[in-house]
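Some notes on the structure that comes next.
Just so we're on the same page: letters track the sequence lines, and every chain starts at 1.
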Number of protein chains: 2
Amino acid sequence: MAAGLSRSAISSAMSNAEPASLFAALGDATRLGLIASLSDGKARSIVQLGDGLPISRQAVAKHLDVLHDAGLVHRRKSGREVQYALRHEAIEAAQGWLDQVSAQWDGALARLKLMLEGGKG
Amino acid sequence: MAAGLSRSAISSAMSNAEPASLFAALGDATRLGLIASLSDGKARSIVQLGDGLPISRQAVAKHLDVLHDAGLVHRRKSGREVQYALRHEAIEAAQGWLDQVSAQWDGALARLKLMLEGGKG
DNA sequence: AGAAAATGCAACTCTATGGTTGCGCTTTAG
DNA sequence: CTAAAGCGCAACCATAGAGTTGCATTTTCT
């Protein structure tokens, strides 16, 4: 994975605002389901996406709005209906943030190990 | 990254509930900041974590409660104060979910490419 | 043209969430 | 012992979030 972060690269070099809204959009089981459905790359309409779900069409539309505002899906009007498709870049952004946390974590472990091994004598 | 998922491994094999609460806990700029602070592996008290933040100690404590309920941090009482530390497993769980989405996405792209190249003649 | 399908818009209800303040309890520090 | 530091509990407020229902609008389909 990524590496090379010296100190606290996250809290200083990041605003924490955009990633927060991203994660917030992911923080709902229904929306995660929608994303999982769309993860095959195919675009789907609101009705298609809501098919099988125990909520109203409007609820689905609202969830898709949230996902769209967070940049997680791409909207495209096609005749009578609207096609929603996954925007992989947003997923990658979320992954990026988590990767930074992990990188710092790994770095901390590495430094701790070095300290214990090298500086113990 | 990860690979080897055949079809829609996410929506079928996952309940979407636990990852949702995980992402929900990450969906707040203040909490992301706390996690970023803790990502160096060191444990900190509530007062320490709230130092510099423009909110009350209670607000910080509530955020830490959320993070704890989501399994993102580990609580440990030490004398008069309570030490919070990052639980890297939870971060990995979030990464895992996103990785599955990405894997399916990549798989879909690969299949599409194969279809376009192989089946065009 | 007329019916049916797929949305959009708006109003409304409920509950969860982020934040606050006040008070009491336990653990150091003098 | 007395202060004060660090927390937890509880009440309270305001707003955002999920979900609903009703109705108008735009596209198909026949």
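- D:dG8 atom P lies 8 Å from atom CG of B:D65, rounded to whole Å.
- A straight line from CZ of B:R76 to P of D:dC7 spans 14 Å, rounded to a whole angstrom.
- Atom CZ of A:R76 is surrounded by 12 or fewer heavy atoms from other residues, nucleotides or ligands within 6.0 Å.
- B:F23 and B:W97 have perpendicular rings, their planes meeting at more than 60° on a 0 to 90° scale where under 30° would count as parallel.
- Map A:R80 and A:K77 each onto its nearest nucleotide of DNA chain C; the residue landing nearer the 5' end is A:R80.
- Considering CD of A:Q100 and CD1 of B:I91, their distance stands at 12.0 Å, rounded to 0.5 Å.
- Put simply, CG on B:L38 and CG on B:L67 are 8.0 Å apart, with the number rounded to the nearest 0.5 Å.
- Mapping heavy-atom proximity under 4.0 Å, the span of DNA chain C touched by chain A runs 5' to 3' from C:dA5 to C:dC9.
- A distance of 6.0 Å separates CD1 of B:I46 from CG of B:L64, quoted to the nearest 0.5 Å.
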Listing time: all N or O pairs from protein to nucleotides 16-20 of chain D that are below 3.5 Å?
residue, atom, partner, partner atom, Å
D:dA18, OP1, A:R31, NH1, 2.9
D:dA18, OP1, A:R31, NH2, 2.8
D:dA18, OP2, A:R31, NH1, 3.4
D:dG19, OP2, A:H63, NE2, 2.3
D:dG19, N7, A:K62, NZ, 3.0
D:dG19, O6, A:K62, NZ, 2.5
D:dT20, OP2, A:S56, N, 2.8
D:dT20, OP2, A:S56, OG, 2.7

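- Residues satisfying the salt bridge (Lys or Arg N to Asp or Glu O under 4.0 Å) test with A:D40, not counting sequence neighbours, are A:R44.
- Among A:L49, A:L53, A:D51, the single residue meeting the side chain to side chain contact (heavy atoms under 4.5 Å, CB included) criterion with A:S37 is A:L49.
- A salt bridge between A:K113 and A:D106 is absent, with no side-chain N of the basic residue lying under 4.0 Å from a carboxylate O of the acidic one.
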